[in-house]
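What follows is one structure encoded as structure tokens, with my remarks underneath.
Nothing here was measured: the structure is a model prediction, and the numbers come from that model. Just the heavy atoms: all of them, side chains too, but no hydrogens, waters or symmetry mates, feed the values below.
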There are 2 protein chains.
Amino acid sequence: MSRWEPGARERLGGAALDLYAAKGFEETTVAEIAQAVGLTERTFFRYFADKREVLFAGSELLEQQFVDGAAAAPNDADPIDVVKAAVAASAEYFPEERRAYATKRAVIIAANPPLMERELRKMSTLAEALVAALKNRGIHDPTATLAAQSGVTVFRVTFAQWIAAGNDRSFIDIEQDVFAELGTLTGPNR
Amino acid sequence: MSRWEPGARERLGGAALDLYAAKGFEETTVAEIAQAVGLTERTFFRYFADKREVLFAGSELLEQQFVDGAAAAPNDADPIDVVKAAVAASAEYFPEERRAYATKRAVIIAANPPLMERELRKMSTLAEALVAALKNRGIHDPTATLAAQSGVTVFRVTFAQWIAAGNDRSFIDIEQDVFAELGTLTGPNR
DNA sequence: GCGATCAATGTCAGTAACTGTCATCAGTCT
DNA sequence: AGACTGATGACAGTTACTGACATTGATCGC
């Protein structure tokens with residue numbers, strides 16, 4: 001038997017989510033989270049940079065999906081198609097099994113401005129990664145940023161619908177529609 | 001003569017900007033800002049909710065410009081045209097005289113993740129206001145959010161170019177181009 | 001099998017952001 | 001003159017976060 005219970009990081013993450021849900025983000029103290037899993041505040045901060053970050057572990061994986069998806073697009077793809085490929089690849093990150101967890105997490109974030117800020121920054125990081133991928137393909141800056149931001153917007157709208165009550169469509173299914181809607185929004189008129 | 005120097009809020013804002021620029025955001029203490037203008041830390045927090053917010057005073061005015069601009073669009077305008085009107089109206093908030101100040105502020109924000117988070121939230125609030133304006137016109141949700149977010153994206157890209165070195169075009173001028181670019185991005189291909 | 005080393009954690013002290021509460025006091029009102 | 005107000009100060013308290021050092025079961029080299 002090892003000296004400590006394994007999976008400290010995961011246990012801390014779970015306790016944080018539960019406590020934030022049960023008594024609110026601001027009302028929950030880092031010391032409480034740590035105590036709930038038999039650790040100390042100091043250890044929490046060894047695993048997570050701050051009290052918010054604990055809800056965003058794994059966001060690098062999502063970013064990786066985006067980047068890989070973009071890389072997989074054909075060499076001569078238009079900017080918007082590269083972005084579509086990236087966002088489509090992200091669907092892998094959201095299988096049905098994860099919907100309940102994702103919803104619980106999203107509710108907490110939406111209810112707390114500080115968490116919302118962190119979420120927005122993560123989305124911004126995602127967009128930056130996409131911009132870099134586009135620039136690697138020789139697409140320059142007004143276009144690259146516009147395309148990347150549009151992709152992230154589609155992603156966010158898709159996610160919101162995916163976790164919306166009374167919805168049972170798959171992530172990738174919704175995403176197709178949202179992209180189509182974006183096309184009709186800016187395209188056909190004049 | 002009154003008991004205190006007038007304009008406490010403005011003095012605090014000015015000192016904060018200068019200190020953040022001179023020695024960095026994290027390295028500047030709220031007590032320092034207050035001392036610099038002969039006040040106490042406590043008074044700072046009576047004017048600003050937190051250390052970041054001091055750089056975002058007046059953002060309600062920008063939001064008002066957006067909303068007013070949207071309201072001024074013709075009744076039968078397409079979603080994208082309502083958004084164009086809103087973003088166009090925002091140009092009023094950025095006359096040439098303000099470019100130097102806006103640049104200094106933007107540099108500080110870009111260099112500090114916590115400030116970037118706040119900036120992103122303000123942009124998100126802007127988008128929310130636009131969504132509300134669009135919904136008032138009977139435009140529903142996937143479309144409303146997509147349109148509003150696209151508008152804010154155009155706004156951000158425009159702003160970035162406006163303050164970019166070696167650029168002397170007006171805000172509204174750049175904005176036209178960026179909107180056009182967005183159109184060609186999603187429109188013509190297929 | 002034994003001492004050196006390691007890795008995950010604990011302990012403790014310190015800083016700074018933010019909050020609540022009450023005191024102060026120049027100017028204004030009646 | 002006395003009551004009142006509104007902007008500020010003084011002060012104590014909580015909590016997020018950091019740096020430095022101590023602890024100890026497990027492991028590795030020999």
Between [N] atom [atom2] and [X] atom [atom1], what is the distance in whole Å?
X       : N      : atom1 : atom2 : result
A:Phe48 : C:dA8  : CZ    : C1'   : 15 Å
A:Glu32 : D:dA16 : CD    : C1'   : 13 Å
B:Arg52 : D:dA16 : CZ    : C1'   : 12 Å
B:Gln35 : C:dA16 : CD    : P     : 12 Å
A:Glu27 : D:dA16 : CD    : C1'   : 15 Å
A:Glu26 : C:dA17 : CD    : C1'   : 13 Å
A:Phe45 : C:dT11 : CZ    : C1'   : 16 Å

Ionic contact status for B:Lys84 with B:Asp78, cut-off 4.0 Å: no
Interface with DNA chain C, restricted to residues 106-118 of chain B and to heavy atoms under 4.0 Å: none
Please list all pairs meeting ring-ring contact (aromatic ring centres under 6.0 Å, His included) that have one or both residues in residues 73-98 of chain B, counting only residues at least two apart or in different chains. B:Phe94-B:Phe155, B:Phe94-B:Phe159, B:Phe94-B:Trp162, B:Phe94-B:Phe171
Which heavy-atom pair separates A:Ala34 from A:Glu41 by the least distance, and what is that distance? CB-N, 3.6 Å
Tell me the closest heavy-atom pair linking A:Glu175 and A:Ala88, and the distance in Å. OE2-CA, 2.9 Å
Could you please spell out the steps behind the side chain to side chain donor-acceptor pair (under 3.5 Å) verdict for B:Glu96 and B:Ser170? CA-CA 7 Å; B:Glu96 273 309 301; B:Ser170 75; over 6 Å; no
Would you mind reporting whether A:Val83 and A:Ser150 have side-chain heavy atoms less than 4.5 Å apart? no
Considering only heavy atoms from C-beta outward, does the side chain of A:Leu55 approach that of A:Arg118 to under 4.5 Å? no
Looking at B:Phe56, does the NZ or CZ of B:Arg105 lie under 6.0 angstrom from its six-membered ring centre and within 45 degrees of the ring axis? yes
Do nucleotides 2-15 of chain D as a string where each nucleotide becomes B, S or -: B if the base has a protein heavy atom under 4.0 Å, S if just the sugar-phosphate does, - if no protein is that close. ----BBBBB----S
